[in-house]
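Step one of this worksheet: look at the structure below.
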Protein chains: 2
Amino acid sequence: MTDTAPQRRARARSKRPPTIHDVAAHAGVSRGTVSRVLQGGDNVSPAAREAVNAAIRKLGYVVNRAARSLVTQRAGSVAFLLSETQDRFFSDPNFTTLLRGCTAALAELDIPLILVTAGSEAERRRITPYLSAHHVDGVLLFSSHRGNPMIDHFLAADLPFVCCGKPLGQRGALSYVAADDREGAKNMVRHLLESGRTRIATIAGPQDTPGGLERLAGYRETLAEHGIAHDKRLVATGDYSRASGESCMYHLLARAPDLDAVFVASDLMADGALTAIQRAGLRVPEDIAVGGFDDSPVAPSTRPPLTTIQQPWDRISKMMVRQLLAQINGEGPATVILPTKLVVRESA
Amino acid sequence: MTDTAPQRRARARSKRPPTIHDVAAHAGVSRGTVSRVLQGGDNVSPAAREAVNAAIRKLGYVVNRAARSLVTQRAGSVAFLLSETQDRFFSDPNFTTLLRGCTAALAELDIPLILVTAGSEAERRRITPYLSAHHVDGVLLFSSHRGNPMIDHFLAADLPFVCCGKPLGQRGALSYVAADDREGAKNMVRHLLESGRTRIATIAGPQDTPGGLERLAGYRETLAEHGIAHDKRLVATGDYSRASGESCMYHLLARAPDLDAVFVASDLMADGALTAIQRAGLRVPEDIAVGGFDDSPVAPSTRPPLTTIQQPWDRISKMMVRQLLAQINGEGPATVILPTKLVVRESA
DNA sequence: CTGAAAGCGCTTACAG
DNA sequence: CTGAAAGCGCTTACAG
């Protein structure tokens, strides 16, 4: 009626996935040897390795990660943290591209990706202890605005993290991967200049984001390099949304009716600008050339198709993963800047 | 020079997050009591509970989930599984809506969401053992096409899962949450009929997806109910893409020039149909009324804005999470069908 | 190259 | 209501 402890255990095990104990018994070795094979198989005789691998296959053994984590003191997983209003990011096509890239890069390494959002202060408070308690080995941080408070927690908890884009308002060396925004902007403005435009306006992004800052700086630098005096009537600042691009363009048109080109810091805003220009009865690119930034999915299907700067999203996500793993393995922080590419279509 | 074991342990601990052991020592109780408080605090005296909670706050204790998982035999996490070509899903706006909804619902329950993709056969082979080994407690499954092979593995491994949409080609009772596609389609066709249209065409979705099947069935049923004979020249089948909507519409126009309305099984395809109709020199809705399905983000900004059927995405994700947790807690499978809503804009 | 043993941080019957 | 103890499934010095 009542089983002995070993009987009970054996019975329970029959319903459960096999453990290292079962593999060891099957292969006729100790559990230590099985573990060594699992770790890569150094210091194991070929015969033992073979027997263990055969047993693993036969039993369909899969390591229990919780048990492993407990002893190695590593979670074995990584967080993809969206520290931004969710709506903003989830509706941003660039975000899905990044998410897909990181998922793929991590999947190849068999590292689970835990998706975490922290758009509000309340969410941040809830998630910080989880992260700081090292329930993940590191975090891929996506947050565009200045002064993310979570960074200090990660630093305090000694938790590796890599930012997407330069984290503003932070001191000390932090790991981040970013596109070369400034150089990309310069490239576009140069292209506009070379096509003969002389009155080039810009719609910048929010000035508390690296993209907003750097792309505007690139615009100014290029004009300065070409001896063109700065004219603040030619500068408007949007919030990366399509609607803001449209209204900025109306302002620009009103303030500087003679402008013949505009460099817009995002494709979405550029699409809005296109609408404004056409509603004003002007033609693109004949009257006004429009250059965007991102090469987002909408770029080829705007009317006319948008000339823009391609962000290296795939490389960014791959590099973020690589940098994060390096840090988890003890390396120090590093900054990675990736080049962008001018994509010429019809709008400029 | 050489520490004793306890000294070594104490020193190591000082750099590590506090454990239940530290909390117990601090509160002057046993570790068992601390654990009981963590579990909800039944069978614990108020005094002990207070002491433990104070110690937890003071030490900033956070439970080690790996250790907990090891003994409870539960992962404590859930997978969001995309068993579909990644491109297709990541570019689908409905997908991000679902992902956001599930993330939010799970976050409230403090359950980590692990994002897993399995678009190719190779990926499926890699991920199946991980999932089947119960590295997650359950899976939220997103896959639209017929006969997903992973389902059999989940069944065999006794792993709870809930599908988004009716899983085709499966027998036996499976849990799924879906919008009432058929009723939604009927609703739209009725709306078209009531506005006086008599030659109503349809662009259906792929016939190996529940949405493709059910929406077409709803279309047919409604016409039959109104005594309108079935005319197969009025039926075309697309693949949910914008491009397929456009080309289907050209075919329809060629085969049945007298059609005065079209019910399209997705907003993206409807947008394509709009283009085709306008290129053919016809007006929407004057000449042809167009009804979509999804109420996706593009619907309000098509020209003209699209009359469509709203899918209850937020409710779907919430219900999927709820059903999954119920199953994890031992309940049997259930089917949940959620109503849709007609959203009238200008296209019909 | 290999086994025996300790220990990772929890939970949970089992006694009391 | 509470403590002592066993055990979850691994890894890793430590001896040999």
Side-chain angles (χ1 to χ4, degrees), chain A residues 2-13 15-25 27-52 56 59 61-76 133-135, chain B residues 2-13 15-25 27-52 56 59 61-76 133-135:
Chain A
T2 48
D3 296 356
T4 61
Q7 280 175 335
R8 219 178 305 130
R9 232 176 293 142
R11 208 142 55 82
R13 183 169 296 130
K15 310 211 68 176
R16 279 190 193 163
T19 72
I20 206 176
H21 176 272
D22 302 312
V23 175
V29 300
S30 73
R31 294 175 304 162
T33 298
V34 174
S35 183
R36 277 175 216 117
V37 172
L38 255 28
Q39 300 310 308
D42 301 329
N43 285 9
V44 180
S45 68
R49 193 202 329 280
E50 254 327 293
V52 169
I56 287 175
L59 267 28
Y61 170 78
V62 179
V63 69
N64 178 322
R65 296 203 181 207
R68 175 181 283 176
S69 285
L70 188 54
V71 28
T72 59
Q73 301 283 336
R74 283 206 179 181
H134 286 249
H135 277 145
Chain B
T2 48
D3 297 355
T4 62
Q7 280 174 336
R8 217 178 306 131
R9 232 175 292 142
R11 207 142 57 79
R13 184 170 294 130
K15 311 210 65 176
R16 280 191 194 162
T19 72
I20 205 175
H21 177 274
D22 303 311
V23 175
V29 298
S30 73
R31 294 176 303 162
T33 298
V34 174
S35 183
R36 278 173 215 117
V37 172
L38 255 27
Q39 300 311 306
D42 301 330
N43 285 9
V44 181
S45 69
R49 192 201 330 282
E50 254 326 293
V52 169
I56 287 176
L59 266 30
Y61 170 79
V62 178
V63 68
N64 179 322
R65 296 203 182 207
R68 174 180 284 174
S69 285
L70 188 54
V71 27
T72 59
Q73 301 284 334
R74 282 205 179 182
H134 286 250
H135 278 146

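Order of the sequence lines fixes the chain letters, A, B, ..., with proteins taken first and strands second; residue numbering starts at 1 for each chain. Everything numeric in this text was worked out from a predicted model, so none of it was measured.
The shortest distance between the side-chain N/O atoms of A:Gln39 and the OP1/OP2 oxygens of D:dC10 is not below 4.0 Å. OP1 or OP2 of C:dG3 has at least one side-chain nitrogen or oxygen of A:Ser30 nearer than 4.0 Å. The phosphate of D:dG9 has OP1 or OP2 within less than 4.0 Å of a side-chain N or O from B:Gln73. For C:dT11, the OP1/OP2 oxygens have a side-chain nitrogen or oxygen of B:Ser35 closer than 4.0 Å. Taking 4.0 angstrom as the limit, A:Thr72 places none of its side-chain polar atoms (N or O) nearer than this to OP1 or OP2 of D:dC10.
Candidate nucleotides C:dT11, C:dT2, D:dT2 were compared by shortest atom distance to the side chain of B:Ser45, and D:dT2 ranks first. With distances taken from any side-chain atom of A:Ile20 to the nucleotides C:dT2, C:dC10, D:dT11, the minimum falls on D:dT11. The nucleotide whose nearest atom lies closest to any side-chain atom of B:Arg68 is, among C:dT11, D:dG3, D:dC8, C:dT11. Checked against C:dG9, C:dG3, C:dA6, the side chain of A:Val29 finds its nearest nucleotide in C:dG3.
Under a 3.5 Å cut-off, the side chain of A:His135 and the backbone N or O of B:Val63 do form a donor-acceptor pair.
Minimum interatomic distance between A:Tyr61 and A:Ile20 (heavy atoms only, all atoms of both residues): CE1-N, 3.5 Å. Of all non-hydrogen atoms in B:Ala48 and B:Thr33, the two that sit nearest each other are CB-CG2, 4.2 Å. For B:Leu70 against A:Ala67, the heavy-atom pair with the smallest separation is CD1-CB, 3.6 Å. Contact record, B:Pro18 with B:Leu59: CG-O, 3.4 Å, taken as the closest heavy-atom pair. Contact between A:Ala75 and A:Ser69 at its shortest, heavy atoms only, is O-OG, 3.2 Å. When every heavy atom of A:Val44 is checked against every heavy atom of A:Val37, the shortest pair comes out as CG1-CG2, 3.9 Å.
Contacts of A:Thr33 with the nucleic acid, taken as non-hydrogen atoms under 4.0 Å apart, involve only primed sugar atoms and P, OP1 or OP2. Using a 4.0 Å heavy-atom cutoff across all strands shown, B:Ala66 reaches no nucleic acid atom at all.
Mapping B:Arg49 and B:Val71 onto DNA chain D via the closest heavy atom, the residue that lands nearer the 5' end is B:Arg49. Residue B:Arg36 is the one, among B:Arg36 and B:Leu70, whose nearest nucleotide of DNA chain D lies closer to the 5' end (criterion: closest heavy atom).
Taking the side chain as every heavy atom from C-beta outward, A:Glu50 and A:Pro46 never approach each other to under 4.5 Å.
Distance A:Asp22 CG to D:dG9 C1': 11 Å, rounded to the nearest Å. What separates CZ of A:Arg31 from C1' of C:dG7 is a distance of 12 Å, to the nearest Å. A:Leu38 has its CG atom 11 Å from the P atom of D:dT12, to the nearest Å. Between the C1' atom of D:dC10 and the CG atom of B:Asn64 lies a distance of 13 Å, rounded to the nearest Å. Atom NE2 of B:His21 and atom C1' of D:dA5 are 14 Å apart (whole Å).
Residue side chain A:Arg65 does not reach the base of D:dG9 through any donor-acceptor N/O pair under 3.5 Å, judged by distance alone.
In DNA chain D, the stems built from three or more successive Watson-Crick or G-U pairs (distances below 3.5 Å) are C:1-3 with D:14-16, C:5-12 with D:5-12, C:14-16 with D:1-3.
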